[in-house]
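Numbers restart at 1 for each chain; the letters A, B, ... are given by sequence-line order, proteins then strands.
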Number of protein chains: 2
Amino acid sequence: MSWAVSPSGQVSCESCPIRHRAVCARCEADEFAQLESMKFYRTYEAGQTILFGGDPLEFVASVVSGVAMATRTLEDGRTQMVGLLLPSDFIGRPGRKFAPFTVSAATDVRLCCFRSKPFANLIEATPHIAQRLLEMTLDELDAAREWMLLLGRKTAREKIASFLAIIARRYAALAQSAEVGVNGVHLPAPQKLSFDLPLTRESMSDYLGLTIETVSRQISALKRDGVIALEGNRHVSVPNLDRLLAEAGDDSEDVLHDSAAE
Amino acid sequence: MSWAVSPSGQVSCESCPIRHRAVCARCEADEFAQLESMKFYRTYEAGQTILFGGDPLEFVASVVSGVAMATRTLEDGRTQMVGLLLPSDFIGRPGRKFAPFTVSAATDVRLCCFRSKPFANLIEATPHIAQRLLEMTLDELDAAREWMLLLGRKTAREKIASFLAIIARRYAALAQSAEVGVNGVHLPAPQKLSFDLPLTRESMSDYLGLTIETVSRQISALKRDGVIALEGNRHVSVPNLDRLLAEAGDDSEDVLHDSAAE
DNA sequence: TCGTGTAATTGACGCAGATCAATTCAGGAA
DNA sequence: TTCCTGAATTGATCTGCGTCAATTACACGA
């Protein structure tokens, strides 16, 4: 099994960077105290497997920092990423006993963990956690549907452009809610932004349903065409976000800016 | 807008075919009475649009009978199905104001509808509905992840075989829970089954991220190879389910038989 | 600073599935 | 039954992405 990395220093929930976005976001003081007493941290290095598909699920967790990947694999080794887990995202399902996919660390990752059983009990008792979990699950389902459109119908170039737009947007949201730079993201001005890719080319190919070579070629093509610029392999800057969005081929960025708030 | 079809006879929840699977499955008598007083039915003919993407969402609904499709479309018309809605499946999201995708009827469809606002209020008040909705949403997310693996990494032949397996399995589950034949499904013996396809070839191509021609060719190939037999265009029989599952290429049907029950 | 191993790029070529174009088939109306 | 119309099949050809195979670039430790 896999919970193999040294735990490290506890952090107070008060100062937790994902306090207002994670599954605990809506908790009242008493619920919060319960969670705080149950929680423990795990850290993983880039490349480590956090959880093998099919393994018994003894924990659920929130991603505190770093990026993790959920992947599914066919018999012959073809693999598809089915979830990209950024800070505040939740891993696990109350009541589920076995992992339906493999989870691994794309960068160094810190998780805030809870034992499955007590967490499931807590959910029964505290509607605020269940409510927030429903909200997050519905958001994830929206993202999955957009991802399906990408996988089924977009060209390789559109896939790359879409991926870059997704990363830029999600990091921008994180940076905004934390009000600090995260993972090397900077937002100097609206319309010009730059960020580090959290994934290798191989992981990008697993995300997009492409080969590593096609990913590389299309990134080169977007660079050649001036849609993006690269510093090193990982750092991307986007001189014109609208141009990138146009390359992504979506009919408009409407739809997903509809908030779930009542 | 779109709620354009004649309502028809009310049905008591007691005798509702989706009573034990839909969003109302876990309700107590009093919650149930509230739902019953709020509900109203809508029916749609095969091919009708139920809801256009971007339209204001005034209702949520459960599919009572028939099959509906959620689809997203790119500017140039490329279309991807992002949800296949069978009886008991839920349409809508509490708090969402606009439809993030188009919903249309693949067969004649009957919906059990609730106005959004009162339904959202009810959810706040009754944890059993929210719990059930969370469970259903998590199931849908599992299905979306399997679908992503299919779209990103499976060959055309594997996609067709997977689709047939999914339809067979979901209908089998429905038939089981209703204990009656549904939509022409029969289960004469374990290992030999037959059913009607609820989708046209075009809808199948939208589901699978293929063209209609490729769908047709691969169905012909599976028939030629004896994996399936056809009567007419819609009725499929599967002489050997294991053979079909092997063609679908999944590493095993493990994973998804893990129940969400505690 | 220099190696060294892994990640990424680039090129040549092949093929699965898309596209374009006829037929053929199925099922409902008269 | 026969006609008629949209759905489905089948064939010929094209092409975007995958596959195979070298380089080349980069990050990291000595």
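- Taking OG from A:S65 and CG from A:L86, the interatomic distance works out to 11.5 Å, rounded to the nearest 0.5 Å.
- In this structure, B:E231 atom CD and D:dA8 atom P are separated by 17 Å, rounded to whole Å.
- Looking at A:T79, its side chain never comes within 3.5 Å of a backbone N or O of A:T73 through a donor-acceptor pair.
- Side chain of B:Q48 to backbone of B:E45: a donor-acceptor contact under 3.5 angstrom is found.
- Rounded to whole Å, the distance from CG on B:L197 to C1' on C:dG27 is 16 Å.
- Counting to the nearest Å, the P atom of C:dA8 and the CG atom of A:L199 are 10 Å from each other.
- Nearest nucleotide to the A:L210 side chain, out of C:dT9, D:dA8, D:dG18: D:dG18.
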Filtered N/O pairs between nucleotides 20-22 of chain C and protein, under 3.5 Å:
residue : atom : partner : partner atom : Å
C:dC20  : N4   : B:E213  : OE2          : 3.1

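- Taking 4.0 Å as the cut-off between side-chain N and carboxylate O, A:E140 and A:R145 do not count as a salt-bridged pair.
- Stacking of A:R42 on the aromatic ring of A:F59 is recorded, both the 6.0 Å distance cut-off and the 45° axial limit being met.
- The residue B:G209 sits close only to the backbone: its heavy atoms come under 4.0 Å of sugar-phosphate atoms, none of a base.
- Put simply, the side chain of A:S216 never gets that close to the backbone of A:I212: no donor and acceptor are under 3.5 Å apart.
- For the pair A:T214 and B:K223, nearest-nucleotide mapping onto DNA chain D gives the more 5' position to B:K223.
- Among the nucleotides D:dT9, C:dT10, D:dC17, the one closest to any side-chain atom of A:S216 is C:dT10.
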Just the atom pairs and distances: protein N or O near nucleotides 24-30 of chain D's N or O, under 3.5 Å.
none

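- The closest donor-acceptor contact from the side chain of A:T200 to the backbone of A:S203 lies under 3.5 Å.
- A salt bridge is absent between A:K154 and A:E247: the closest approach of a Lys/Arg side-chain nitrogen to an acidic carboxylate oxygen does not fall below 4.0 angstrom.
- In this structure, the side chains of A:Q80 and B:L150 stay at 4.5 Å or more apart for every pair of heavy atoms.
- Residues A:D250 and A:E146 have side chains in contact (heavy-atom distance under 4.5 Å, counting atoms from C-beta outward).
- Scanning all heavy atoms of the two residues, the minimum distance from A:A165 to A:L244 falls at N-CD2, 4.0 Å.
- Legend: residues meeting ring pair (Phe, Tyr, Trp, His ring centres under 6.0 Å) with B:F163, ordered by chain and number and at least two apart, are B:Y207.
- Taking atom CZ of residue B:R224 and atom C1' of nucleotide D:dT9, one finds them 11 Å apart after rounding to whole Å.
- With rounding to whole Å, B:R201 atom CZ is found 10 Å from D:dT10 atom P.
- For the residue pair B:L74 and A:G249, the shortest heavy atom distance occurs at CD2-O, 3.5 Å.
- Across all strands, A:T211 comes closer than 4.0 Å to base atoms (heavy-atom distances).
- Of the residues in residues 151-159 of chain A, not one places a heavy atom less than 4.0 Å from an atom of DNA chain C.
- In this structure, A:Q218 atom CD and C:dT9 atom P are separated by 12 Å, rounded to whole Å.
- Counting only residues at least two apart or in different chains, salt bridge (charged side-chain N to carboxylate O under 4.0 Å, His left out) contacts with residues 203-226 of chain A comprise A:R157-A:D225, A:D206-B:R153.
- The CD atom of A:E202 sits 13 Å away from the P atom of C:dT9 (whole-angstrom rounding).
- Separating the CD1 atom of B:I212 from the C1' atom of C:dC25 is a distance of 14 Å, rounded to the nearest angstrom.
- Helix-axis bend for the helix from C:dT1-D:dA30 to C:dA30-D:dT1: the local axis fitted to the five terminal pairs at one end deviates from that at the other end by 40°, rounded to 10°.
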